[in-house]
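Some notes on the structure that comes next.
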Amino acid sequence: MTLPELLLGVMFVGLIAYALFGGADFGAGIRDLLAGGTRRGARQRDLIEHSIAPVWEANHVWLIFVLVVLWTAFSTGFAAVVTTLYVPLTLAAFGMIARGAAFAFRKSVTTLPARRFFGACFALSSLATPFFLGTVVGGVASSRVPPGIAAGDVVTSWLNPTSILGGVLAVLVCAYLAVFLCLDARRQGHDDLADQFRTRALGTAATTGLVGLIGVLVLRADAPLLFDGLVGRALPVMAASVLAGVVSIVLLVRRRYGPARITSSTAVATILIGWAVGQYPYLLLPHLTIEEAARSRSTLVR
Amino acid sequence: MTLVLAAAVAALESGWITTEVGRQPWIVYGLLRTADAVSPAPGLHLGFHAVVAIYAVLTVVTVYVLRRLAAGHDVPAPYEGRGEQEPDARKVGAREVGAP
C-alpha cells in the first residue's frame, strides 16, 4: 500500500464514522419529522433528543477531518470537487447551520407554536444535508467532476440520475440508522416506542433495498465506469453489504436490537467501502488517479 | 456596561476589517492576488446573498429568543408539562430546559 492510499484509507475511516454517527443523527431528525402529531409524537421526540444529545453536533468533526485530509493530501482533487460541486456543498452547509440553530432554539423557546416551527426546521434540514452530500458523491462517482478549478458543469454535476440516486440513498440510509433508537428505547423501558422505531426501520430497510436495486440500473446507464468497478473488483464488498442488510432485517424482526446495530453499521460502511473499491485507483473518475492527486510528498510525510 | 459590550464588538470587527481590507489586492500577501484566487464558477453571488439572508434571519431569531427568555415567558410547552402523557414524557428524557 502506498502512502497516498494509506491516507485515503484514513480519510475513508473518517467518512464512514461520519456516515454512521452523523447519519444516525440525521436519521433521528428524519424520525423527528415523521414522529407524528405534536402530542402523539412527543414521547418519540423526547427519546430522540435524549439519544442524540451526546453526539449530535460533534459528528461534524468527522466531516471536518475528511475535508482537512482531502485538501492537505489531495489538493488537486479537493479543488476540483469543491469548485465544481459548490452548490450542493453550500446547500448541505446551510442545512447544518439551520439544523444546529433550530435544535438549539427549540430547546430555549418552550411555547408550542415556536417549538413546532423550530422542530420542523430541524427535521427538514436533517433531510437536506444528507441529500446534498449524497448528490456530491453521485457527481464524483458518475465522472462529472473533471480535474481543474470549476472545470465541471456547476448544475448538471449534481442534478443528474446518479446524484439523485446518491441523495435519496443517503437520506434513506440515515433514516434507517435510526435503528439505533430501538435499543435506546428498550433500555429505558419503553418497549412500545422500541416497537414503533422497529416498524419504521423495517419499512426504511425495505425501501432502501428497493432503491438499491433500481440504483443498479441507474448506475449501469449513467455511471458505467463505477458500475464496472462495482460488479468487478468491488463485488465481494457489495455482496457483504447486501448480506449485512438482510441479516439486519432478520435481527430486527426477531427484536435482537443490539446485534442489529452492528450489522446495520456494517451494511452502511460496506456501501462506502464498495464505492471506494469500485473507483480505485481513481480519485476523480476517469481523469485523476489517487497517485496523481497526491503530488506533494513533503505534505504527506510531515 | 452595555456600552462596554458594544465597544468590544466594534473593536473585534474593526480589527477584522483592518486585516482583510489592509492586505488587498493580495489574498496571500505578495504571493497570490485575490482576483486570481477567486473561483471562476458561475453564480457565486447567489451563495453570498443566501448567506447574508440566513445570518439576518438568525440574528433576528436570536434577539427574539433572548428577549423572550429575559421576559420570563419560558414556560413548558403544553405537551411537556401538562396532559396525560406528562409523567412518561418527563421520564424518557429526564432533561432540563436549556441543557445542551
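When reading the values below, keep in mind they use all heavy atoms of this one structure, side chains included, and skip hydrogens, waters and symmetry mates. As the structure is a prediction and not an experimental result, all values here were calculated from the model. Proteins get letters first, then strands, A, B, ... in listed order; numbering begins at 1 in each.
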Residue [X] excluded, over 12 heavy atoms near [atom1] under 6.0 Å:
| X | atom1 | answer |
| --- | --- | --- |
| B:Arg33 | CZ | no |
| B:Leu3 | CG | no |
| A:Phe21 | CZ | no |

Given a strict heavy-atom distance threshold of 4.5 Å, which part of B:Val51 is in contact with chain A: side chain, backbone, both, or neither?
both
If you take all heavy atoms of [X] and [Y], which pair is closest and at what distance?
| X | Y | value |
| --- | --- | --- |
| B:Ala50 | A:Phe94 | CB-CE1, 3.5 Å |
| B:Pro42 | A:Tyr86 | O-OH, 2.5 Å |
| A:Thr83 | B:Ala41 | O-CB, 3.9 Å |

So which part of A:Leu91 gets closer than 4.5 Å to some heavy atom of chain B, the side chain, the backbone, both or neither?
neither
Name the member of B:Leu58, B:Val57, B:Val61 that forms the most heavy-atom pairs with chain A at distances under 4.5 Å.
B:Val61
When you compare the side chain of B:Leu46 with that of A:Val87, does any pair of heavy atoms fall below 4.5 Å?
no
